[in-house]
Amino acid sequence: MFADASLVQPRAPDGSGPADWLSELNAEQRRAVEHEGSPLLILAGAGTGKTTTICARVAWLLARGTQAERILLLTFTRRAAREMIARARALVERAVPDAGAVVGGTFHSVAHRFVRRHAGALGLDPGFGVLDPGDAADLIDLVREEHGHAERRTRFPRKGTLLDIYSATVNGQRPMTEVVAERFPWLDELRDEIAALLKAYVARKRALGVVDFDDMLMYWRALALDDVIGPQLAGRFDHIFVDEYQDTNGLQVETVRALRRGDPGVTVVGDDFQAIYGFRAASADHIRSFEEHFQGATVITLERNYRSTQPILDAANEIAGQADQSYPKRLRANRDGGQAPRLVLCRDDTAEAQLVCQRVLEAREEGLELRAQAVLSRTSHDSAALEVELTRRRIPFVKYGGLRYLEASHVKDFVALLRLAQRRSDELAWFRLLQRLDGVGPVIARRALRELVAAEREHADAWSAARNHLPDRARPIIDPVGKALATDRPEQPTRLRVERLLEAIGPLIATSYANSAPRLADLDGLTRAAATAGSLPEFMAELALDPPASSADWAGPPHRDEDYLVLSTVHSAKGLEWDAVHLLAVYDGNFPACLSAGSGAEIEEERRLLYVAMTRARRSLALYVPTRYYHRPNGRDDAHGYGKPSRFLTDRVRACLEIEQVASTDPPEGQRETGRRRIAVSVDPLFDIVS
DNA sequence: ATACGACGGTTTTTT
DNA sequence: ACCGTCGTAT
């Protein structure tokens, strides 16, 4: 989503004005909302009404005569952008309907907007393509092969790792050697080759006229720092808000500073103890340095928690207390009562899955709908066993942070074709599509591709030259694609273009996949969305920057009335809350992840991650520790290790928890007997009451 | 020569 | 789940 907040502007303050939202705020919140004259840092602990305060401050600025379109609202994640905009809309609508739109969205989507507008000044084609991380990794892989790293004996990092190194270097604006030494020490010996490869990647992007996510921030900063364009951009806004400021990286901070150029109209909100994006070069040092970066800044701290019960906060505070914080906060609940969080020790992930299902269903029977409950985990595969069990029991769930729509193979195929419509010579797109054909592998695909490029240079009929290299049986499949591309024109309506291309790729999808019908139906949604977009390049860019989580996202709001359990990684859950929260796999090695247990800073971040997870819960919180975990996720074998509870669950923390040892589990015997094979014979689902 | 399936080893988290 | 390697089929 290109989050454009449509905020309604309240009536001008005429004495009787729209002040009722102010009366609902506590003293500190109100001080923050009505602050004037200097940059403002709001240190908002978890659940302290951060979003409420930002929205109220936006409303207050509007009421004081600031025009909505002169307010810029920056968030870090798309979910936060959505949440913020929905809340702001609801609050401001209570004032007075006089339309105006706040400019807002994630850093990357807002950057994209400005970069496209000023593409010329940056030496980019206005129709430039956007590489999502998958595309970027594929391009790196191409360069990696060209550098001959594919066949070499010495192990060479994979595309994903290379992209991580690149990203950390660019976002942190630090020498790559430092980044490698610190975060990828095992690759120290290869740093010269890695550096050469990443330089080639940068050159290739330039040559192709494409921009990756990191470039987006780089280009925006360059615009903001420019002597001519910078002041123009800065002059567009009277006030800039930055949410989750603890997760900003150096590039983002520099951009915001450049956009203010000494103007005090800036409010940032964050909590240094919820900084969990260090791996992406974010640093809580930025929030700690706010007072240096923005002259004369004021700091206001919010500690009254409106979300959780005190027993949950006691445990969370105890975790927080283990670390040194430069801005100490201790959350206080606004209401009394509540149960202690539970620490559940069970046998393994299967037992864990059984228990979670059981508790979730019990809670539902007591009236707590599924959507008010969530299951969080450190990594997205921690919930694998649970997903099996939920499916088996027919408990509907939606998973965030799992396989994304755009990562599904058939969607990638279609997106490759859309990309070819923009640029006929897109080698990666061709390479992908050609290999879908029967009897075509990397060698033949590359040969055909070489012919295509060569023929184009000679202005010959490139397509018929290339298709000669393909096996006979492949031709009827690929010919419609060639034909559709030949007749496609940029000036045609986007909807028509996309529909024709979808039709052309039909045979290819049909022959490539066993279950092609649902896959094709899946692509219809994409076509519908394209119909409402502007140009094809813009549609593609928005798709990359804000991909739908699943194909269901296109099909309107089927979830609106449905009840479903939320499964999410802790990272994706930040900023959200549920009545009941179950946190999976809280064993040492996962909290902290064994890979992050190297440096002190990494362990600190893992601790904050646990804190973030715990503070998502309103009333009920359970931490699960499967004591036995398996090395192979779906393994045929029974290789396993024994885990112990997270090192962060110290005695002091445990004193705040109710400890529950679950001896055995529901269907205990038999399931593990033959490795992890599960042969379920059950008529239970027949008797399930589907409400 | 090339494609493709089977198998074994594996550095999370997101824009 | 992905990626590289190896054996077999075409």
Side-chain angles (χ1 to χ4, degrees), chain A residues 74-81 105-112 130-134 136-137 141 144-145 149-153 155-161 163-165 167-168 170-171 183-187 212-217 244 247-249 251-252 275-282 376-382 384 400-404 407-409 435 437-447 469 471 473-474 544-547 549 568-574 585 589-598 602 605-606 608-609 612-613 631-637 639:
Chain A
L74 291 168
T75 62
F76 191 68
T77 65
R78 302 188 302 258
R79 272 170 116 182
T106 64
F107 267 96
H108 288 83
S109 71
V110 171
H112 168 245
V130 174
L131 299 179
D132 74 14
D141 216 24
R144 183 177 182 265
E145 264 172 63
H149 292 303
E151 304 112 43
R152 287 259 238 72
R153 291 279 161 73
R155 265 174 52 205
F156 202 74
R158 300 200 233 150
K159 59 181 180 181
T161 312
L163 184 60
D164 286 346
I165 296 171
S167 235
V170 172
N171 283 296
R183 293 207 18 226
F184 305 87
W186 63 95
L187 296 173
D212 68 19
F213 280 21
D214 302 325
D215 290 333
M216 214 78 80
L217 298 182
E244 307 279 17
D247 287 325
T248 52
N249 63 40
L251 276 181
Q252 293 164 322
I276 55 175
Y277 281 97
F279 67 93
R280 271 198 45 205
L376 308 183
S377 57
R378 172 70 181 80
T379 71
S380 78
H381 68 252
D382 285 327
Y400 292 91
L403 181 71
R404 310 265 156 88
E407 287 161 19
S409 188
Q435 284 190 92
L437 300 165
D438 246 13
V440 180
V443 176
I444 290 176
R446 195 160 285 138
R447 204 178 287 157
H469 290 276
R473 64 196 154 139
L545 286 164
D546 190 6
S568 174
T569 59
V570 179
H571 282 91
S572 296
K574 191 153 72 110
N590 216 22
F591 285 96
C594 50
L595 304 167
S596 296
E602 283 171 326
E605 180 149 318
E606 297 286 316
R608 295 192 292 266
L609 201 57
V612 168
H631 298 314
R632 247 170 265 286
N634 283 320
R636 297 163 289 278
D637 61 14

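What's counted below: heavy atoms across the whole structure, side chains too, no hydrogens, waters or symmetry copies. Numbered from 1 within each chain, the chains take letters A, B, ... in sequence-line order. Computed from a prediction, not measured in an experiment: that's the story for all the values here.
- The nearest heavy atom of DNA chain B to A/Asp438 and to A/His571 marks one nucleotide each, and the one closer to the 5' end goes with A/Asp438.
- Rounded to whole angstrom, the span from the CD atom of A/Glu244 across to the P atom of B/dT13 amounts to 19 Å.
- Separating the CG atom of A/Asp132 from the P atom of B/dT14 is a distance of 15 Å, rounded to the nearest angstrom.
- Of the N and O atoms on the side chains of A/Thr161 and A/Asp164, not one donor lies less than 3.5 Å from an acceptor on the other residue.
- For the pair A/Ile444 CD1 and B/dC4 P, the computed distance is 9 Å after rounding to whole Å.
- Among the nucleotides C/dG4, B/dT13, B/dA3, the one closest to any side-chain atom of A/Pro442 is B/dA3.
- Every side chain to side chain donor-acceptor pair (under 3.5 Å) that A/Arg446 has, sequence neighbours left out, goes to A/Glu145.
- In this structure, the CZ atom of A/Phe279 is 9 Å from the P atom of B/dT15, given to the nearest Å.
- In this structure, A/Arg446 places its CZ atom 10 Å from P of B/dA3, rounding to the nearest Å.
- Under 4.0 Å is where a charged nitrogen must lie from a carboxylate oxygen, and between A/Arg378 and A/Glu606 at least one such pair does.
- Residues satisfying the salt bridge (Lys or Arg N to Asp or Glu O under 4.0 Å) test with A/Asp215, not counting sequence neighbours, are A/Lys205.
- In the set B/dT14, B/dT13, B/dT15, B/dT15 carries the atom at the smallest distance from any side-chain atom of A/Arg78.
- Distances shorter than 4.0 Å separate none of the side-chain N or O atoms of A/Thr569 from OP1 or OP2 on B/dT12.
- Nearest-nucleotide mapping onto DNA chain B: of A/Gly439 and A/Phe107, the residue sitting toward the 5' end is A/Gly439.
- A/Val570 comes within 4.0 angstrom of no nucleic acid atom, judged by non-hydrogen atoms across all strands.
- At B/dT14, one or more side-chain N or O atoms of A/Ser572 fall inside 4.0 Å of OP1 or OP2 (strictly under the cut-off).
- We find that NE2 of A/His381 is positioned 7 Å from P of B/dT12, with the value rounded to whole Å.
- B/dT2 atom P lies 13 Å from atom CD of A/Gln435, rounded to whole Å.
- For the pair A/Leu609 CG and B/dT14 C1', the computed distance is 12 Å after rounding to whole Å.
- Put simply, A/Ser380 has a side-chain N or O that comes within less than 4.0 Å of OP1 or OP2 on B/dT13.
- Closest to the side chain of A/Arg447, from the set B/dT13, B/dT2, B/dT14, is B/dT2.
- A pairwise comparison of heavy atoms in A/Leu163 and A/Ala137 identifies CD2-N, 4.1 Å as the closest pair.
- For A/Pro133, taking side-chain heavy atoms from C-beta onward, the closest of the listed nucleotides B/dT15, B/dT12, B/dA3 is B/dT15.
- Within 4.0 Å (heavy atoms only), A/Phe184 reaches no atom of the nucleic acid at all.
- Residue A/Arg158 has its side chain nearest to C/dC3 when only B/dT15, B/dT13, C/dC3 are considered.
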